[in-house]
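Worksheet: one structure, shown below.
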Amino acid sequence: MVLKVFFPSCCATAESGLLIGRWIPEQNSAVVLAVVHFPFIPGQVKQYLSEVQRVTQVNMCVLGSWSNTKQEKEEGLDKFLEDLSTIFSHEPWIQLNKERDSKVWSCCIFKKYPSSPKEDEFILVYYDQRKVMLSQLHPTDNLTTSADHKGNDASKLGAVFDTVSKSKVLFMIDRYDDGPIKLTHWQSEGVEASIIVELLKQASVPVCMLLTFLLSLVSSVCKSRVLKFWPLSFIWSKLSTCEQLGHRLEHLQIISSNRKAQNQTQLMRKANIFVSLLIDMALGILLMSWLYRENRIGQLADTLIPVADHIAKELQDLLQWLMGVPAGLKMNWALDQVLGRFFLYHIHLWISYIHLMSPFIEMILWYVGLSACLGLTVALSILSDIIALLTFHIYCFYVYGARLYCLKIYGLSSLWRLFRGKKWNVLRQRVDSCSYDLDQLFIGTLLFTILLFLLPTTALYYLVFTLLRLLVVVVQGLIHLLVDLIDSLPLYSVILRLCRSYRLAAGVKFRVLEQKAGKPLRLLMQINPLSYGSVVQTYRLPTYACYPKDSWSSLCKKLFVGELIYPWKHKGEKQD
């Protein structure tokens, strides 16, 4: 049988004493956590281990003895260390010896009731106690191994990592303590602490309480019945800025909550949200400082009106082209003129509205620029809403063309079923057979002919305005992708992976230090960090969806039959 001992590398120079840790019988392994130095009272050691076990819920015990002979080997020391097994009854009793000024280690295993006459093999595994305690082991998917084998390996490593991480109370005693027990572990030279961090922790308590109160007040106002009436409910649900502000409000409530994180995942989520908010606000302040330098707000306002006039002029030229003979196509002249003049009138109204608002645009942009202090994502959401408002006439053109085209498509499909002696059963949602008389067939033929010959003119207008609408949707989609990237990117986890990769562990690897006949096999356990892709996938933050996610097939179907893509108001949506 192979016996594995996980020994902390920080204890390799410790003075002689007792090995305390956890025995894992399922794996036939011992995890050494610290060394208790001489002199000590056995009763006090047992009492201390029972207190640590009660707090950490880890089965602590004395695993054996540790001998580090820095001077000449004392007579009877080995016998004394072996006799300690009668006081601290543990099966098996492990005795590690390190010779003076030598890298040679020896190991002895004492068993009262040996299971087999054959001598047990011994593997000594060194591990960095600090890194293992602070790391979080993540299971990885490996397609080349079976599920049982993966689960077995993960449980073995998880038991070692879990034992060290839960033993933080044991590491609070250092060599400067005046207690009866002296320990050697990774914090033996003094407990790591920072006065600045402690002061920040104390100061953050009233700040979090005040922030929690303000956020609860804002949240209650947002959930009040005043905002549930039309048109406030419509504006709140359709503007990207309102959605982003609500999303950030939820993040602030999570950060300022006084509830302690229950596990490592919740702690990492809070940290990721906090760092995401800080970087978002820092980028927003940089953008705001750039906008208010050298009167860039005024330059932007002076550029906006000519750009809007240029877009309107291009749309007028496009409509004039459609009202003629576009690409040599013969259109229905009467319908073509009606549609062209109808859309030209809307462009005229839009130009009048833009020039009416021109004196106030600079003031509006000045106040909008101040919102960048809330974060770059808020500024980008406002930019998306401004694009939606400036292209509202294009959206209206698209809706008119889509509704007219959809009406003709559904009319032609219904009349086509009439020719085949079919009809759509609304109650059963299926096509049934039906008999029609001569008058119904005659009227159906006339209507089918009229709709069929008017379809190319309507389809051309629908195609042009759909392309314009898709162009606007693509621009807004890129802005929303950038906002979702900033909202969902786990920046704290990525920075942690970059600076302290051992904190996010995907597994371990072993390096052979010594392999000699008659000597224990010595290995060094090193942590394999999680890949950057796995870090982003594991700790990615949830985001809100401005638009419903459609598949490519459903999107193409909607475009073909004339249904609205990404409309401002969806089917079945009710307003109070």
Side-chain angles (χ1 to χ4, degrees), residues 230-231 234-235 238-239 308-327 329-354 356-357 384-415 447-448 450-477 547-548 550 554-573 575:
W230 195 89
F234 179 80
I235 295 175
K238 298 308 173 187
L239 291 182
D309 289 339
H310 178 71
I311 294 175
K313 185 178 181 302
E314 292 294 331
L315 284 175
Q316 287 177 340
D317 295 341
L318 178 62
L319 288 172
Q320 293 292 343
W321 178 70
L322 291 175
M323 292 172 66
V325 186
L329 299 176
K330 180 64 175 177
M331 300 289 103
N332 185 277
W333 184 85
L335 181 60
D336 195 8
Q337 294 297 314
V338 169
L339 292 177
R341 291 175 182 177
F342 176 76
F343 292 129
L344 284 175
Y345 178 69
H346 276 71
I347 293 177
H348 174 71
L349 291 178
W350 180 251
I351 294 175
S352 303
Y353 169 73
I354 291 294
L356 184 65
M357 293 292 295
S384 176
D385 293 333
I386 290 176
I387 292 176
L389 293 175
L390 290 179
T391 58
F392 181 69
H393 55 305
I394 296 179
Y395 176 76
C396 292
F397 295 165
Y398 165 70
V399 171
Y400 299 152
R403 291 303 186 193
L404 188 58
Y405 175 78
C406 182
L407 178 64
K408 293 187 176 181
I409 289 294
Y410 278 101
L412 288 173
S413 62
S414 179
L415 294 173
L447 293 177
F448 183 84
I450 294 172
L451 293 178
L452 182 63
F453 283 102
L454 293 179
L455 182 63
T457 304
T458 308
L460 183 60
Y461 278 87
Y462 169 70
L463 176 63
V464 172
F465 293 134
T466 299
L467 293 177
L468 293 176
R469 171 62 180 167
L470 288 177
L471 180 62
V472 175
V473 168
V474 167
V475 174
Q476 288 185 295
Y547 293 128
D550 294 327
S554 62
L555 187 62
C556 294
K557 179 182 177 181
K558 288 182 178 180
L559 290 174
F560 180 76
V561 300
E563 293 185 9
L564 296 180
I565 54 171
Y566 305 122
W568 283 22
K569 187 175 184 303
H570 303 283
K571 290 182 178 180
E573 197 174 85
Q575 303 293 338

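Only this structure's heavy atoms are used, side chains among them; waters, hydrogens and symmetry mates stay out. Numbers here simply count residues along the sequence, with the first being 1.
Note on ring orientation: taking the six-membered ring where Trp is involved, the planes of Trp350 and His393 are parallel (angle under 30°, cut-offs 30° and 60°). The aromatic rings of Phe465 and Phe397 sit tilted relative to each other, their planes meeting at an angle between 30° and 60°.
Using a 4.5 Å heavy-atom cutoff, the side chains of Leu415 and Leu452 are not in contact. Using a 4.5 Å cut-off on side-chain heavy atoms (C-beta onward), Leu468 and Leu318 make contact. A 4.5 Å side-chain heavy-atom check between Arg469 and Thr391 finds every atom pair outside the cut-off. Between Ile354 and Leu390, the closest side-chain pair of non-hydrogen atoms falls below 4.5 Å. Taking 4.5 Å as the limit, every side-chain heavy atom of Tyr398 sits out of range of all side-chain heavy atoms of Ile394. Counting heavy atoms from C-beta outward, Leu455 and Ile409 have side chains that approach closer than 4.5 Å. When side chains are defined from C-beta on, Arg341 counts as touching Met323, because their heavy atoms get closer than 4.5 Å.
The CD atom of Gln476 sits 11.5 Å away from the CD1 atom of Ile386 when rounded to the nearest 0.5 Å. Rounding to the nearest 0.5 Å places NE2 of His310 at 10.0 Å from CG of Leu315. From Leu471, atom CG reaches atom CG of Leu467 across 9.0 Å, with rounding to the nearest 0.5 Å. For the atom pair Phe560 CZ and Cys406 SG, the distance stands at 11.5 Å (nearest 0.5 Å). Annotation: the span from Thr458 atom OG1 to Asp336 atom CG amounts to 9.5 Å, rounded to 0.5 Å. The CG atom of Leu454 sits 4.0 Å away from atom NZ of Lys408, with the distance rounded to the nearest 0.5 Å.
For the pair Gly340 and Leu319, the tightest heavy-atom approach, listed with the atom from each and the gap, is O-CD1, 4.4 Å.
Remark: side-chain polar atoms of Tyr462 are paired, donor with acceptor, to backbone N or O of Leu559 under 3.5 angstrom. Thr457 places a side-chain N or O within donor-acceptor distance of the main-chain N or O of Asn332, the cut-off being under 3.5 Å. Checking side-chain atoms of Gln316 against main-chain N and O of Leu344 turns up no donor-acceptor pair under 3.5 Å.
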(request) Check step by step if side-chain contact (heavy atoms from CB on, under 4.5 Å) holds for Leu322 and Tyr461. (result) CA-CA 8 Å; Leu322 291 175; Tyr461 278 87; 3.9 Å; yes

(request) Would you check, one step at a time, whether the test side-chain contact (heavy atoms from CB on, under 4.5 Å) holds for Leu404 with Leu339? (result) CA-CA 11 Å; Leu404 188 58; Leu339 292 177; 3.9 Å; yes

(request) Apply the test salt bridge (charged side-chain N to carboxylate O under 4.0 Å, His left out) to residues Lys313 and Asp317: give CA-CA distance (whole Å), side-chain angles for both, the deciding distance (0.1 Å), then the verdict. (result) CA-CA 6 Å; Lys313 185 178 181 302; Asp317 295 341; 3.3 Å; yes

(request) Given side-chain contact (heavy atoms from CB on, under 4.5 Å), test Leu349 with Tyr345 step by step and report yes or no. (result) CA-CA 6 Å; Leu349 291 178; Tyr345 178 69; 3.5 Å; yes

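Within 6.0 Å of the CZ atom in Phe342, the count of heavy atoms belonging to other residues, nucleotides or ligands exceeds 12.
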